Amino acid sequence: MAKNSYLPFKAKILAKYQQTELDWTYRLECQIQPIAGQFMEVSLPGVGECPISISDFGDGYIEMTIRRVGQVTGGIDKLVPGDYLFLRGPYGNGFPLESFYDKHLIIAAGGTGLAPVKSVINYFYARPELLQRCDILTGFKTPNDVLFKCDLDKWAQTFRVEVTVDKLDEFGNLEVIANSCSRRTGLITALIPDVEIPSLEDVRVIIVGPPVMMKFTAQEFLCRGLAKESIWVSFERKMSCGLGKCGHCKIDETYVCLEGPVFNFAQAQTLLD
Amino acid sequence: MGYRFTAAAFNQLLESLREKYRVYAPTLLKGKGKFSDTDLVGYAEISKIEDVVFNQKSYFSPKETFYPVTQRLFYFNENGFSESVVDEKGMIVFLRACDIQAVERLDKIMLENGPSADYYYERLRNKLKMIVMDCQESFDSCFCVSMGTNKTENYSASVRLENGVYLSDVKEDIEGLFAFHGETIEVSPKFVESNKQSVKVPENLVLESVAANPIWEEYGSRCIACGRCTVVCPSCSCYTMQDIFYDDNPKCGERRRVWASCQIDGFTDMAGGHSFRRNNGERMRFKVMHKIKDFKQRFGVHMCVGCGRCDNACPEYISLAHCIDRLGKEEAENRG
Ligand SMILES: Cc1cc2nc3c(=O)[nH]c(=O)nc-3n(C[C@H](O)[C@H](O)[C@H](O)COP(=O)(O)OP(=O)(O)OC[C@H]3O[C@@H](n4cnc5c(N)ncnc54)[C@H](O)[C@@H]3O)c2cc1C
Ligand code: SF4
Ligand code: SF4
Ligand code: FES
């Protein structure tokens with residue numbers, strides 16, 4: 001008999017940090033060893049379950065950054081350190097970190113898309129010698145939506161970090177954004193023509209964000225002459241199981257929860273919902 | 001081994017089987033038809049062979065017997081989780097050759113896809129013994145021969161009603177009871193060799209071209225996204241999780257899974273208002289491609305077994321069989 005993969009385990013909330021009005025990062029006591037880019041199914045018994053990316057992890061803990069948008073995420077929002085969440089996973093493939101070794105890595109993240117790549121950035125931040133260079137481009141709706149401000153500041157010590165917002169907040173204020181990053185207004189796609197690319201063959205790109213953002217950002221990189229095979233994206237789909245059974249995440253013969261959520265763009269481009 | 005049973009002998013067989021098994025078969029469900037005074041054929045537990053409907057195709061498929069519409073996964077309270085329990089009895093299900101082929105399709109997704117077998121599916125599937133009902137002639141809307149699903153070897157026993165007696169080919173005698181109650185005789189099960197309609201499943205479909213085909217717009221204008229076609233389908237397996245808590249104590253409740261349909265609103269809804277395939281025609285394209293392309297690409301066999309139930313169930317008279325043929329012809333023309 002197979003083991004019961006649906007029964008979640010209990011994980012204590014060790015800490016909770018506010019990112020924006022809607023987003024909080026939860027540090028959970030947990031022994032799993034995930035791969036950057038994988039996700040968990042997070043439960044609140046009586047309310048439901050939903051897929052959430054692991055935004056960071058370390059010895060004995062994982063972090064998830066959760067936006068309050070509905071039933072489950074709304075319930076989680078009310079929890080405080082010492083309370084428990086219920087988890088199963090990790091699921092999905094994660095990013096192929098080794099394919100970025102010795103390359104010029106460009107990460108383009110829109111909004112909450114920064115969460116699944118945060119651990120990728122931290123991995124290389126701790127081992128900068130593994131990359132030729134690294135550009136981090138992030139785009140948010142307004143300055144109040146910027147996630148991981150302290151981390152952006154920290155990363156900017158080693159990598160080139162650019163933050164752009166679609167529009168300014170009501171005070172016309174850009175200062176709330178991390179200090180040491182280059183700050184602009186406009187769409188993330190507008191940052192791409194200015195990225196310095198000394199050697200096209202060495203570039204590898206990760207794009208994560210809403211579907212439209214990923215599509216247009218990828219197009220910009222293709223315009224710069226990049227091969228499709230040099231680009232990776234991470235998909236979000238409705239998911240009820242994470243196990244290849246419920247069918248919600250299926251596109252063509254591909255299951256996003258199994259073969260994804262990270263796809264090489266050469267494949268991602270052919271997937272037709 | 002083959003056996004012959006009078007109705008009385010078969011009923012004694014059923015009575016003995018029922019000590020350790022629940023026996024399910026297609027029966028006439030009174031008042032469950034499209035209109036309140038009509039009946040339809042669906043699955044229910046039986047105690048006598050006369051309850052089994054042999055001369056019609058069941059409206060619902062047998063999958064609900066071992067993959068229930070709503071299945072409790074576990075209960076929870078302040079102290080943690082406890083797994084739902086299953087009936088100790090085994091399960092014997094009367095079904096057709098195409099239905100058995102469909103069980104094999106469900107096995108592919110539920111047992112083989114992903115990192116491990118589905119615990120709750122496997123738990124009931126392991127209890128399942130199948131009795132194939134011979135098809136002496138094809139019903140309207142069947143196209144099993146085209147799908148290569150008109151025959152099976154995968155059964156414990158077969159059964160057919162012939163001149164008032166029941167004839168059974170037994171591959172795995174359950175508790176030796178067929179031999180005990182039956183009279184030995186030569187029997188081979190009968191499967192249909194032709195249907196009233198045949199369907200040509202197109203090979204080498206190119207997805208971009210299929211998606212651009214205007215037939216989906218037409219289907220989209222007819223389909224009302226009711227999901228009946230997927231509910232009655234023996235090889236559809238999608239589900240959604242659902243939590244409920246009990247009114248008298250909100251800290252206690254259960255997690256269930258319920259059948260879901262790619263044809264119905266909400267199947268792909270995500271937070272932030274994103275959803276895919278908003279148009280009913282796109283959903284139809286998604287379903288048809290799964291049935292005759294995607295599944296085979298992944299598992300080597302077509303998901304559709306040609307039972308024709310979706311054609312019978314659709315209130316808008318949309319026929320999958322016609323759709324497949326039409327798509328094949330148009331795509332062949334498009335390729336020139
Ligand atoms: C691989 C993956 C990784 C993810 N990672 C993250 C992450 O790191 N952080 C994160 O915050 N999110 C992440 N998500 C998204 C997250 O899973 C969803 O935000 C979550 O499922 C929302 O669940 P909920 O119960 O709170 O919302 P729900 O209550 O299910 O609501 C979802 C949306 O549907 C709407 N809705 C709900 N009920 C109805 C109704 N009856 N009628 C109409 N509309 C309705 C709501 O308004 C809301 O917009 C990820 C998703 C995937 C697939
Ligand atoms: S004919 Fe329709 S109901 Fe029967 S297996 Fe094919 S898709 Fe399912
Ligand atoms: S049964 Fe007919 S109308 Fe209903 S979802 Fe299926 S194709 Fe559409
Ligand atoms: S999430 Fe259920 S099949 Fe992928």
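Just so we're clear, the structure is a prediction, and the values are computed from it rather than from any experiment. In what follows, every chain begins at residue 1, and chains take the letters A, B, ... in the order their sequences are listed.
- Heavy-atom neighbours of A/Q18 CD from other residues, nucleotides or ligands within 6.0 Å: above the threshold of 12.
- Comparing B/F295, B/F245, B/F267 by how many heavy-atom pairs each has under 4.5 Å with chain A, the most go to B/F267.
- A 4.5 Å side-chain heavy-atom check between A/L243 and B/D118 finds every atom pair outside the cut-off.
- For a residue to count as touching a neighbouring chain, one of its non-hydrogen atoms must lie under 4.5 Å from one of that chain's; by this rule B/M289 does not touch chain A.
- At most 12 heavy atoms of other shown residues, nucleotides or ligands fall within 6.0 angstrom of atom NZ in A/K228.
- Heavy atoms closer than 4.5 Å to chain B are found in the side chain of A/F86, but not in its backbone.
- The heavy-atom pair separating B/Y239 from A/C241 by the smallest distance is OH-CB, 3.2 Å.
- Taking the ring centre of A/Y255 as origin, the terminal cationic atom of B/R298 falls outside the region bounded by 6.0 Å and 45° from the ring axis.
- Interface remark: B/A211 contributes side-chain atoms only to the contact with chain A (heavy atom separation under 4.5 Å).
- Every residue two or more places apart in sequence or in another chain that forms a side-chain hydrogen bond (donor to acceptor under 3.5 Å, both in side chains) with A/D23 is listed here: A/T20, A/R67.
- Interatomic distance, CG of B/D243 versus CD of A/Q71, reported as 10.5 Å (0.5 Å rounding).
- Rounded to the nearest 0.5 Å, atoms CZ (B/F276) and CD1 (A/I251) are 7.0 Å apart.
- For A/T73, no part lies under 4.5 angstrom from a heavy atom of chain B.
- More than 12 heavy atoms of other shown residues, nucleotides or ligands fall within 6.0 angstrom of atom NZ in B/K89.
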Do B/Y119 and A/Y6 pass the ring pair (Phe, Tyr, Trp, His ring centres under 6.0 Å) test, and can you show the C-alpha distance, the side-chain angles, and the key distance before you say yes or no? CA-CA 8 Å; B/Y119 178 80; A/Y6 292 97; 8.3 Å; no
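- Taking a 6.0 Å sphere around NZ of B/K127, one finds it holds more than 12 heavy atoms contributed by other residues, nucleotides or ligands.
- Proximity to chain A (any heavy atom under 4.5 Å) is shown, for B/I109, by both the backbone and the side chain.
- Contact annotation for B/R285: only side-chain heavy atoms (C-beta onward) come within less than 4.5 Å of a heavy atom of chain A.
- Residue A/N4 holds its CG atom at 8.0 Å from CG of B/L73, rounded to the nearest 0.5 Å.
- Around CD of A/E98, the count of heavy atoms belonging to other residues, nucleotides or ligands within 6.0 Å does not exceed 12.
- Atom CD of B/E217 has 12 or fewer heavy atoms from other residues, nucleotides or ligands within 6.0 Å.
- Minimum interatomic distance between A/G247 and B/C238 (heavy atoms only, all atoms of both residues): CA-SG, 3.6 Å.
- Donor-acceptor pairing under 3.5 Å is lacking for the side chains of B/T268 and A/H248.
- In this structure, the portions of A/E236 lying under 4.5 Å from any heavy atom of chain B include both its backbone and its side chain.
- Considering every non-hydrogen atom in both B/L207 and A/L272, the closest pair reads CD2-CB, 3.5 Å.
- Contacts between residues 74-86 of chain B and chain A, defined by a heavy-atom separation under 4.5 Å, are made by B/F74, B/F76, B/F81, B/E83.
- Taking a 6.0 Å sphere around CG of B/D247, one finds it holds 12 or fewer heavy atoms contributed by other residues, nucleotides or ligands.
- Salt-bridge annotation for B/E122 and A/K3: absent, with no side-chain N of the basic residue lying under 4.0 Å from a carboxylate O of the acidic one.
- Considering CE of B/M270 and SG of A/C50, their distance stands at 12.0 Å, rounded to 0.5 Å.
- Other residues, nucleotides and ligands contribute only 12 or fewer heavy atoms inside 6.0 Å of the CG atom of B/N204.
- In terms of heavy-atom pairs under 4.5 angstrom with chain A, the leader among B/G253, B/S275, B/P115 is B/P115.
- Checked for salt-bridge contact, B/D294 and A/K250 meet the test: a charged N lies under 4.0 Å from a carboxylate O.
- With rounding to the nearest 0.5 angstrom, the CD atom of B/Q297 is 8.0 Å from the CG atom of A/D252.
- Using a cutoff of 4.0 Å between basic side-chain nitrogens and carboxylate oxygens, A/E49 and B/R255 are scored as salt-bridged.
- B/N113 places a side-chain N or O within 3.5 Å of a backbone atom of A/G244 that can act as its donor or acceptor partner.
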